[in-house]
Amino acid sequence: MSSRYNHREVEPKWRERWAAAGVDRALSPDEAKGKKKAYVLEMFPYPSGRIHVGHSRNYTMGDVIARFRRSNGYNVLHPMGWDAFGLPAENAAMERGIHPKGWTYDNIAAMREQLKLLGLMIDWSRELATCDASYYKHQQALFLAFWKNDLVYRKKQKVNWDPVDNTVLANEQVVDGKGWRSGAPVETRELEQWMFKVTAYAEDLLAALEKLEKWPDKVRLMQTNWIGKSQGAKIWWDIAEAPSFLPPSPAGEPNHARDPVEVYTTRPDTLFGASFLALAPDHPLTKAIAEHNPEVARFIEQCAQLGTSEADIEKAPKFGVDLGVRVRHPFDPDWILPVWGANFVLSTYGTGAIFGSPAGDQRDLDFANKYKLPFKPVVLPPGENAATYKVEKDAFTDDGTLYNSKFLDGLSTRDAIKAAVTELVKLKAGEATTQWRLRDWGVSRQRYWGCPIPAIHCAKCGVVPVPEKDLPIALPEDVTFDKDKPGNPLDRHPTWKHTTCPQCDGAATRETDTLDTFVDSSWYFARFTDPNNKGAPFDKKLASYWLPVDQYVGGVEHAVLHLLYARFFTRAMRDCGFLDGPADGEPFKSLFTQGMVVHETYKSATGAWLLPEETDVKDGKRVELKSGGAVEVGAIEKMSKSKKNVVDLDAFVTDFGADVARWFVLSDSPPERDVEWTASGVKGAWGFVQRVWTLTEAHGRAAPKVEDTAPPSANEGEAHALRQLAHRAIESVTEDIEHFRFNVAVARSYELVNAIAKLKGDDEGAVFARGEALRILAQLISPFMPHLAEECWEKLGGEGFVATAPWPVADAQLAARNVVTLPIQVNGKKRAEIEAPKGAAEADVRELALQHAAVKAFLEGVTVRKVIVVADRIVNIVAN
RNA sequence: GCGAGCGUGGCGAAACCGGUAGACGCAGCGGACUUAAAAUCCGUUCGCCGCAAGGCGGUGCGGGUUCAAGUCCCGCCGCUCGCACCA
């Protein structure tokens, strides 16, 4: 009689045995002589509290790859750590009076235990947390090195300011232009901020994308667009008229009343369609006028309330104000245009000033229509007539032929751009220029729970770096988070910031800004190569051995910022002498962006979110367990704590086991797409686990070894068919894992199990074929369900761990398909099937197809015009 | 608003480089076993017409290219992600 598979005993047993045998450990380069290395990494988690099954997908995918590589003889590095600085810890501190440090470390302890339950093959000896001084000490050293190498500077930047809470707001803390806690309208303030010179590498960050062949095209495209290299022109517009209040200044000094306004455009060809100039609200000229013109001042104020989020600014209705300045058209001194301030002009791109050419740009058109500014079209779309073509509500932004444009008339868009630039250069009114959308990275945060910036402000010496011997600059722990004492706790700490200047020994203050948490995650993958190094961020040799990360797995939401910053950091670390490799500066050789786990959301009668386990289905309706009241079933959304649509990992593993969770999140949906967590899916995975175990146990004897010769009866009839299928499964699953088609690998495993169950009989051949297939099955599922696979492996008399056994190799002869089924189409519609030997000659196949009775019926009365034979695939007969 | 992606049965999906649409799983239906249920096993399941053989239609919508389109091109619709201080 077969016993039920008991995951509660089996799973912890194997985890203990793996740990005792050190299966999870990465070998040192010396120990691993002769082995290839594989560095597999999942984006490390923020320790937000507890792990739910949604998180597990990302780590399971990485684990499948890590285990697969281990089985294929690689020296595998698969580490885990914590992205432990950040806002939620401070929010928890404010809301619940807990210290961010205690909250964070408690969460880490809980989540570590949960992750261990999953049976991930992780080298826990390399665990790190970015909030440890032992980690951020080295980050401060990197900051100082970047500073020394001219990759760090200070600059004024706009921030969202909450005037009630007296604090800087993150974009996500601005809701409808108001602070999320105070509800006060947001103001924009300028603060002196620390910047990383990412743009120093703009050209290389762009060019190198082409070589990242194992990154998804969509991510490369998003990065390309983000970097946004564009060719265009700067144009200088002479001022014809300016308000008299703009103060005059001596020659040679900047003067808003006299200096031309510089504009950047990618479309100088549309200059004759210019209707106005528009400046950003924080353009120097706009600001200078606002000092004397209340209407312009109000305009700036209104813009400030939009916050700093580009999405919010661009979604807002367009508005502007006439600045009272008039400029001359570069191609016609008598043509005078108005200068406006406009909310849709971004100060962070180009020169913060544009010329509006309404017929050729939708935003310019909307603006011109709103303020009744006259304009005319200058680009004629292909196929349109100049006499009748009109632009009213829809701008034409594509290429066409120039008209209404004097010397540019008749030229194509492309030629006209060149001609216009040539003319601008001749008139000394402009020049060709390359523009980037990419900006330098502002890393200052006015927050407590982050890495302190190692700088000192001295009244005499200015801003001075902290000497390296004084690192780490550690966060003080005695801080308060009272709601009524707002601002940065570091800044208001009574003693922490007071120090002496390392240069003049005079009284000085520490920098109280901390680093953006994106900095923490920009180099952690390098630290993992040598996580316990006390004297340096990491050893050069170890980093060169392990880097780049061979397989990086994470959410597509990081497609731009995190990945770009990490690419910048690797280059910067290399150029500052920390890294020898990878020479191309690319940290991640292969990238996979996985989909999320989504789940239905539930709301009680009172409108409160409910956990799935707080509800049940009764008579086809979902009800609240506690009250019996009706539950409103909401949208299927990404599992998140706030909507409570989460399934906690501990409880699930207790009920069903880690293997069921792992199998489920990889089944059904392709890894890059979202997967919905459902009870029926769990049931399916559970049933599969039981079935594999039942079949293995029922077999009741050791499986043949790889080197054993099959008895002749195993190569006949059904036994032979099972052997073929098993060896084809090896080929397929191996390919599927290589290409991240985990859901297909799962389907192949089902097919194999179905075939094993189907083969009856206890003769020598059947026993051999079944034993062999079960052994192969245990190996093929071992990266997905490692605990079950070990138990089966042991039952089948396998030596050692299945986790360290060499990956099975398909017998090419058994896996080969000698006969193929070819569909025969007549005029593209399938009419028959024929069987033909693989690689059969085209003429033979053609003949077979034409002679087929069913085909002949369709060819009666028509002439065969053409017969297309695609070898081993299809035959299509064209006839009429 | 801008940039990117996705859309296939009742449901999750598969389909390699343009070559049999629906593998595999879930759910359903029919049956076997059983006092009964659960579990298990066997069969069946895209729609329409047909006793059947078979035929016709079908991959969000509308066009196009091709001997052949889920796959390529153009235009829509819907959803998801990112937009620089969430991580």
Side-chain angles (χ1 to χ4, degrees), chain A residues 43-46 48 83 85-88 91 157 159-160 168-174 193 198 216-219 221-226 228 308-318 344 348 362-363 366 437-447 516-518 520-521 555-562 564-565 593 595-596 598 638 667-670 672-676 678-681 683-685 687-688 690-691 694 735 739 741 743-744 746-751 754 757 821-830 832-833 854 865-868 870 873-879:
Chain A
M43 291 179 185
F44 66 162
Y46 179 80
S48 57
D83 191 9
F85 274 138
L87 270 182
N91 292 335
Q157 286 275 291
V159 294
N160 299 313
V168 176
L169 295 174
N171 281 338
E172 74 155 8
Q173 297 174 322
V174 178
Q193 304 264 47
V198 178
D217 287 342
K218 62 175 174 185
V219 175
L221 191 55
M222 279 191 262
Q223 292 227 349
T224 302
N225 292 337
W226 185 265
T308 59
S309 152
E310 198 173 305
D312 289 343
I313 292 169
E314 293 203 26
K315 262 189 271 189
K318 288 164 191 56
F344 65 91
T348 48
Q362 195 59 48
R363 288 179 302 184
D366 294 344
R437 212 186 75 95
L438 180 68
R439 308 202 295 258
D440 283 333
W441 176 13
V443 294
S444 284
R445 297 291 180 270
Q446 293 68 45
R447 317 217 175 272
D516 179 6
T517 55
F518 268 127
D520 310 336
S521 55
V556 71
E557 65 272 20
H558 293 295
V560 175
L561 289 179
H562 162 60
L564 188 73
Y565 292 150
T593 54
M596 288 174 290
V598 295
K638 171 185 172 181
S667 306
D668 297 349
S669 277
E672 66 276 13
R673 223 185 284 179
D674 291 350
V675 62
E676 192 194 344
T678 58
S680 60
K683 202 182 138 199
F688 183 73
Q690 297 299 333
R691 198 150 181 241
T694 307
E735 281 284 296
H739 294 102
R741 292 189 297 250
N743 55 325
V744 183
V746 164
R748 296 290 167 253
S749 308
Y750 274 106
E751 282 174 348
N754 290 343
T821 307
L822 294 179
I824 313 297
Q825 296 180 336
V826 178
N827 289 328
K829 292 196 176 194
K830 186 189 155 195
E833 269 179 6
R865 301 285 173 195
K866 205 170 165 188
V867 179
I868 293 149
V870 183
R873 295 220 85 144
I874 202 167
V875 180
N876 191 10
I877 300 164
V878 186

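Excluded from the calculations below are hydrogen atoms, water molecules and symmetry mates; all remaining heavy atoms, backbone and side chain alike, are included. Here is how names work: the chains are called A, B, and so on, in the same order as the sequence lines, proteins then strands, and each is numbered from 1.
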Is A:Val867 touching bases, backbone alone, or none of the nucleic acid, heavy atoms closer than 4.0 Å? nothing

Would you say A:Ser669 places a side-chain N or O within less than 4.0 Å of OP1 or OP2 belonging to B:G12? no

Span that lies between the P atom of B:U59 and that of B:C72, in whole angstrom: 15 Å

Would you mind classifying the nucleic acid contact of A:Ile868 as base, sugar-phosphate or nothing, using non-hydrogen atoms under 4.0 angstrom? base

So, OP1 or OP2 of B:G7: does either fall under 4.0 Å of a side-chain N or O from A:Arg673? yes

Tell me what A:Gln446 touches on the nucleic acid: a base, only sugar-phosphate, or nothing, going by heavy atoms under 4.0 Å. base

Heavy atoms under 4.0 Å, any strand shown: does A:Val744 hit a base, just sugar-phosphate, or nothing? sugar-phosphate

A:Glu557 has a side chain; which of B:G1, B:G19, B:A87 sits nearest to it? B:A87

Reckon A:Gly442 touches a base, only the sugar-phosphate, or nothing at all at heavy-atom distances under 4.0 Å? sugar-phosphate

Against the side chain of A:Asn876, the closest entry in B:G19, B:A84, B:G25 is B:G19

Say we look at B:C83 and B:G75: how far apart would their P atoms be, to the nearest angstrom? 27 Å

P-based separation of B:G7 from B:G70 [nearest Å]: 14 Å

Atom-pair distance (CG on A:Asn743; C1' on B:G25), nearest Å: 11 Å

Figure out the CZ/C1' separation between A:Phe85 and B:C86, and round it to whole Å. 17 Å

Give A:Arg363 one of three labels, base, sugar-phosphate or nothing, depending on what nucleic acid heavy atoms sit under 4.0 Å from its own. nothing

Taking a pair as Watson-Crick or G-U wobble with both distances under 3.5 Å, which nucleotide is matched to B:C86? none

Report which part of the nucleic acid A:Ala311 touches: base, sugar-phosphate, or nothing (heavy-atom distance under 4.0 Å, all strands). base

Closest heavy-atom pair and its distance - A:Ser667, A:Val675: O-CG2, 4.3 Å

Side chain of A:Glu314 only, heavy atoms from C-beta on: which candidate in B:G19, B:C2, B:C85 is closest? B:C2

B:C6 - base-pair partner by Watson-Crick or wobble geometry, distances under 3.5 Å: B:G78

Just how far, in rounded Å, is P of B:C26 from CG of A:Asp668? 9 Å

Which part of the nucleic acid, if any, lies within reach of A:Glu833 when heavy atoms closer than 4.0 Å are counted: base, sugar-phosphate only, or nothing? base

How close or far is atom P of B:G25 from atom CD of A:Glu751, stated in whole angstroms? 8 Å

Between B:C56, B:A87, B:A84, spot the one nearest the side chain of A:Lys829, thanks. B:C56

Confirm from the modelled atom types if A:Arg865 and B:C67 form a donor-acceptor pair under 3.5 Å, side chain to base only. no

Tell me what A:Phe344 touches on the nucleic acid: a base, only sugar-phosphate, or nothing, going by heavy atoms under 4.0 Å. nothing

Students often get this wrong, so: under 4.0 angstrom with heavy atoms, is A:Pro216 touching a base, only sugar-phosphate, or nothing? nothing

A:Arg439 side chain near B:A84 phosphate (N/O to OP1/OP2, under 4.0 Å): no

Figure out the CG/P separation between A:Asp83 and B:A87, and round it to whole Å. 8 Å

By nearest-nucleotide position on RNA chain B, the 5'-leaning member of A:Asn754 and A:Val443 is A:Asn754

Contact under 4.0 Å: A:Arg748 side-chain N or O vs B:C24 OP1/OP2: no

Name the residue closer to the 5' end of RNA chain B, choosing between A:Met596 and A:Leu221 according to the nucleotide with the nearest heavy atom. A:Leu221

Say whether, by atom type as modelled, one donor and one acceptor occur between the side chain of A:Asn827 and the main chain of A:Ala879 under 3.5 angstrom. yes

Distance between C1' atoms of B:C33 and B:C42 (Å, rounded): 11 Å

Between B:C17 and B:G12, how far is it from one P atom to the other, in whole Å? 24 Å

Examine B:A27: is either OP1 or OP2 under 4.0 Å from a nitrogen or oxygen in the side chain of A:Lys683? Give yes or no. yes

What contact category does A:His562 fall into here, base, sugar-phosphate, or nothing, at under 4.0 angstrom with non-hydrogen atoms? nothing

Looking at A:Asn171, I'd like to know whether one of its side-chain N or O atoms comes within less than 4.0 Å of OP1 or OP2 on B:A84. yes

Can you check the distance between B:A84 and B:A15, where both ends of the measurement are the P atom (answer in whole Å)? 37 Å

Using a heavy-atom cut-off of 4.0 Å across all strands, would you classify A:Thr821 as base, sugar-phosphate, or nothing? base

A:Asp674 side chain to A:Met596 main-chain N or O, any donor-acceptor pair under 3.5 Å? yes

Using a 3.5 Å distance criterion without hydrogens, assess whether the side chain of A:Glu314 forms a donor-acceptor pair with backbone atoms of A:Phe344. no

Let's test your reading of the model: under 3.5 Å, does the base of B:C2 pair with the side chain of A:Glu310 as donor and acceptor? no

Side-chain donor/acceptor of A:Arg445 to backbone N/O of A:Asp516, under 3.5 Å: no

Is any side-chain N or O of A:Arg741 closer than 4.0 Å to OP1 or OP2 of B:C24? no

Any donor-acceptor N/O pair, A:Asn160 side chain to A:Thr308 backbone, under 3.5 Å: yes

Regarding A:Gly681, tell me which of base, sugar-phosphate or nothing describes its non-hydrogen contacts under 4.0 Å with the strands shown. nothing

Is there a Watson-Crick or G-U wobble partner for B:C67 with both distances under 3.5 Å, and if so, which one is it? B:G19

Using a cut-off of strictly less than 4.0 Å, decide whether A:Arg691 has a side-chain nitrogen or oxygen near OP1 or OP2 of B:C41. yes

Is there a side-chain polar atom (N or O) of A:Lys218 under 4.0 Å from OP1 or OP2 of B:G82? no

In terms of base orientation, is B:C73 syn or anti, with the syn window spanning 90° either side of 0? anti

Below the 4.0 Å mark, does B:C83 have OP1 or OP2 next to a side-chain nitrogen or oxygen of A:Ser309? no

Identify whether any heavy atom of A:Lys638 sits under 4.0 Å from a base atom; if not, whether one sits that close to sugar-phosphate; answer base, sugar-phosphate or nothing. nothing

How far, in whole Å, is B:C77 from B:U45 if one measures between their P atoms? 39 Å

So does A:Asn91 get a side-chain nitrogen or oxygen closer than 4.0 Å to the phosphate oxygens (OP1/OP2) of B:C86? no

